[in-house]
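Structure first, then comments.
Per chain, numbering begins at 1; letters A, B, ... match sequence-line order.
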2 protein chains.
Amino acid sequence: MDDIGQKDEPEQSGFSARAARIQDVAKLADVSTATVSRALATPERVSLEARARVQEAIAKTGYVPNPAARTLRSQKTYMVLVVLPDLANTFFSKILRGIEETLFEAGYGMIISDLDGSPEKEAHFAAFTAAGRVDGAILLNGHLFGQSRDGEGSPARLSIPLVALCEAIPSADIPQIEIDNRAAASRMTQHLAALGHKRIAYVSGPAGNILERERFQGFKDGLERADLPYDPALVIPGDYTIEAGVRAGQILVAQTTRPTAVFCTSDQMAIGLMRTVFSAGLKVPDDISVAGFDDIEFAAVAEPSLTTIHQPRRELGQAAASALIDLLQGRPSPKRIRLETDLVIRDSVVPLR
Amino acid sequence: MDDIGQKDEPEQSGFSARAARIQDVAKLADVSTATVSRALATPERVSLEARARVQEAIAKTGYVPNPAARTLRSQKTYMVLVVLPDLANTFFSKILRGIEETLFEAGYGMIISDLDGSPEKEAHFAAFTAAGRVDGAILLNGHLFGQSRDGEGSPARLSIPLVALCEAIPSADIPQIEIDNRAAASRMTQHLAALGHKRIAYVSGPAGNILERERFQGFKDGLERADLPYDPALVIPGDYTIEAGVRAGQILVAQTTRPTAVFCTSDQMAIGLMRTVFSAGLKVPDDISVAGFDDIEFAAVAEPSLTTIHQPRRELGQAAASALIDLLQGRPSPKRIRLETDLVIRDSVVPLR
DNA sequence: AAGTTTCATGTAAACGATTACATAGGGACG
DNA sequence: CGTCCCTATGTAATCGTTTACATGAAACTT
């Protein structure tokens with residue numbers, strides 16, 4: 001029943017090396033396609049003997065399951081979407097690596113979407129998830145997608161499992177993986193105060209951003225603990241980028257009564273700010289202490305090396321990916337994970353003379 | 001013929017908002033599924049009237065085509081794989097952004113694979129492409145995948161369109177997008193020489209790497225043009241990372257007769273090296289000039305700011321994506337694109353006293 | 001020894017699109 | 001007015017899996 005040329009054999013003589021299908025494997029192993037499928041998905045449900053034959057046939061044919069067919073039938077893509085605000089930002093690279101590692105080990109692939117502040121792209125990726133191209137998503141951008149179209153007949157789009165990473169999304173009931181931004185910022189502020197600094201400037205993140213809100217709150221907490229007054233004039237607007245740091249530096253050096261320390265809420269800004277400070281002929285830390293946040297790779301090798309808050313970026317990525325995988329595989333998933341940060345003391349901050 | 005409940009209507013009363021299929025749209029617009037499909041893929045082959053009805057029905061149902069079904073039938077995934085050696089490396093971020101932008105505009109999604117030096121992962125992603133999960137790939141890792149298994153019955157795997165980015169793959173007949181590393185390195189070397197430096201150290205990339213080979217060749221070219229002898233003792237091994245730069249710096253400061261200038265073949269190494277040099281009590285550029293390569297964001301804000309070779313990273317990414325899209329859509333694609341680099345003169349290099 | 005589970009497998013119906021082929025209607029042309 | 005061609009559409013096969021259901025054999029129960 002298997003030697004007689006059936007009907008798909010004839011074109012075998014053709015040239016184009018057609019990819020092997022499950023049927024080819026089944027025929028070669030003299031089992032049904034169902035058995036082949038089971039041998040791959042649930043080996044324990046297939047006899048040792050049949051399993052061996054299938055394995056052999058797979059090796060012989062070089063069979064690789066067709067993902068599209070698999071997805072179509074099973075509704076599983078084994079793909080995860082990672083949404084982030086700016087791919088070019090150094091801060092995300094290591095997080096991405098943590099995510100990728102973990103997803104990879106679990107057999108998931110990673111699709112990246114760089115939102116780039118464009119609502120158009122956002123809409124596109126919303127459709128992307130709606131179309132079922134991914135099983136779940138990790139959101140680093142601090143908000144959900146602009147959900148489904150309204151319209152009368154339109155059914156609510158089923159939403160896929162989501163995880164928020166770094167920027168919590170308070171309104172959403174999804175796992176949140178983050179650090180305690182408020183506590184970390186407070187700690188840094190207290191550290192500066194403990195060294196005798198009384199006029200501490202704060203270079204903020206983008207207005208409205210949740211990280212910014214938390215860190216700002218932490219800054220004020222820290223001042224309060226140190227019995228220092230909060231002075232709005234010492235808050236300089238920023239947006240976490242190097243350029244924002246450069247601009248903040250310009251504002252800083254132009255001030256008549258300068259602060260003795262600056263707390264930048266990102267290392268990128270701290271590094272950009274130091275650049276401007278140097279160009280203005282001032283010295284860090286002699287004339288002014290500078291602290292950062294994030295502990296990116298360059299913080300340790302900056303000149304002077306940067307006192308900052310260490311974020312376990314790789315671990316953050318891993319934790320988020322794990323949480324999502326739990327969700328996808330129906331396991332209970334932690335609602336909120338807060339990883340520990342560290343105060344890393346280097347050379348850019350010194351006690352007030 | 002369309003008002004009478006056929007057989008998929010009954011469960012309509014159910015709750016789970018089932019995603020609309022092409023059949024639902026067809027029924028609502030009173031046309032066949034073929035017409036709906038055509039209205040989307042080739043609107044010009046559908047009458048204005050029918051097209052309008054289909055549009056309306058799509059809006060009403062919120063229909064989004066199922067990508068798996070589409071791929072299964074048409075063999076197109078509209079996905080591109082980007083293979084890179086190290087996702088955490090700053091250098092790649094902006095390239096990725098360039099790639100993503102261009103792919104996005106053309107309707108393609110991007111899947112990222114961080115090889116991480118693991119052959120296991122490499123094999124995995126080779127299978128990935130073989131399984132037809134992507135239409136094409138952009139390779140930033142400097143070599144092809146370890147191709148198909150051998151075995152007797154195994155047919156050669158059909159290979160998908162590929163593009164090599166940054167690290168050329170000489171053996172492969174695929175579009176190569178790169179800069180002229182040799183010319184750029186030569187230029188920098190001559191620049192240093194023109195400023196009076198006679199003992200110029202060279203911090204290399206990883207041995208065997210094609211970029212390294214070209215840049216090293218360029219370094220020697222530059223020495224020759226400047227009538228300087230090549231001294232192997234002045235070559236310090238590196239691998240483009242910050243840490244390698246730090247180590248190179250240690251070797252450098254330990255030398256008895258120190259060079260007066262160092263050409264680091266990556267900015268990351270240059271920045272790491274300067275760190276060590278400072279720690280040893282030397283000054284850049286007063287005691288030693290340091291040059292980099294790449295012009296990453298931090299080069300401009302390093303202290304001192306870094307003289308380097310500017311690579312148009314975003315444009316490199318865009319060019320690679322464009323070339324791949326050309327290939328995928330059957331258009332002729334350029335065989336080799338070399339984008340221009342620039343010598344960026346900043347403060348880390350000064351004339352020899 | 002008859003009834004009940006369990007196990008290993010096969011059969012065939014989905015999954016939701018695309019597209020080759022067929023068909024019908026309407027000019028254009030001689 | 002018949003023939004040919006073009007346009008717009010419909011019918012139904014196909015893409016390659018997974019999986020609900022059916023089947024028969026073997027292993028336990030009682």
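- Regarding A:Q75, its CD atom lies at a distance of 9 Å from the C1' atom of C:dG16, rounded to whole Å.
- Per the geometry, CD belonging to A:Q23 stands 13 Å off C1' belonging to C:dG10, to the nearest Å.
- Counting to the nearest Å, the P atom of D:dC6 and the CD atom of B:E44 are 17 Å from each other.
- Between the side chain of A:Q176 and the backbone N or O of A:I169 there is at least one donor-acceptor pair closer than 3.5 Å.
- Here C:dT18 presents its C1' atom at 10 Å from CG of B:L72, a figure rounded to the nearest Å.
- Under the side-chain hydrogen bond (donor to acceptor under 3.5 Å, both in side chains) criterion, A:D135 pairs with A:T77, not counting sequence neighbours.
- Heavy-atom distances to DNA chain D give each of B:R38 and A:R70 a nearest nucleotide, and the one nearer the 5′ end belongs to B:R38.
- Within 4.0 Å of A:A50, counting heavy atoms only, lie sugar-phosphate atoms of the nucleic acid but no base atom.
- If you measure from atom CG of A:L48 to atom C1' of C:dT9, you get 15 Å, rounded to the nearest angstrom.
- For B:S37, a side-chain nitrogen or oxygen approaches OP1 or OP2 of C:dT18 to under 4.0 Å.
- A distance-only check finds no donor-acceptor pair linking the side chain of B:R38 to the backbone of B:R45 [under 3.5 Å].
- Among the protein residues, B:T33 comes within range of the nucleic acid bases, having at least one heavy atom under 4.0 Å from a base atom.
- Listed nucleotides C:dA17, D:dT19, C:dG16 differ in distance to A:S74; the shortest reach to its side chain belongs to D:dT19.
- Within the structure, every side-chain polar atom (N or O) of B:S32 is placed at least 4.0 Å from both OP1 and OP2 of D:dT11.
- Looking at heavy-atom distances under 4.0 Å, B:A41 makes no contact with the nucleic acid at all.
- B:T71 places a side-chain N or O within donor-acceptor distance of the main-chain N or O of B:P67, the cut-off being under 3.5 Å.
- Salt bridge present: B:D24 and B:R21 bring a charged side-chain N and a carboxylate O closer than 4.0 Å.
- In this model, the phosphate group of C:dA17 is approached by a side-chain N or O of B:Y63 to a distance below 4.0 Å at OP1 or OP2.
- Phosphate contact (OP1/OP2 of D:dG10, side-chain N/O of B:T35, threshold under 4.0 Å): present.
- When the nearest nucleotides of DNA chain D are assigned to B:R73 and B:S47 by heavy-atom distance, the more 5′-ward of the two goes with B:S47.
- Taking atom CZ on A:R53 and atom P on C:dA8, their separation rounds to 14 Å, with Å as the unit.
- If you measure from atom CG of A:D24 to atom P of D:dG16, you get 9 Å, rounded to the nearest angstrom.
- For B:A34, counting side-chain heavy atoms from C-beta on, the closest listed nucleotide (D:dG10, C:dT18, C:dG16) is D:dG10.
- Separating the CZ atom of A:R21 from the P atom of D:dC15 is a distance of 7 Å, rounded to the nearest angstrom.
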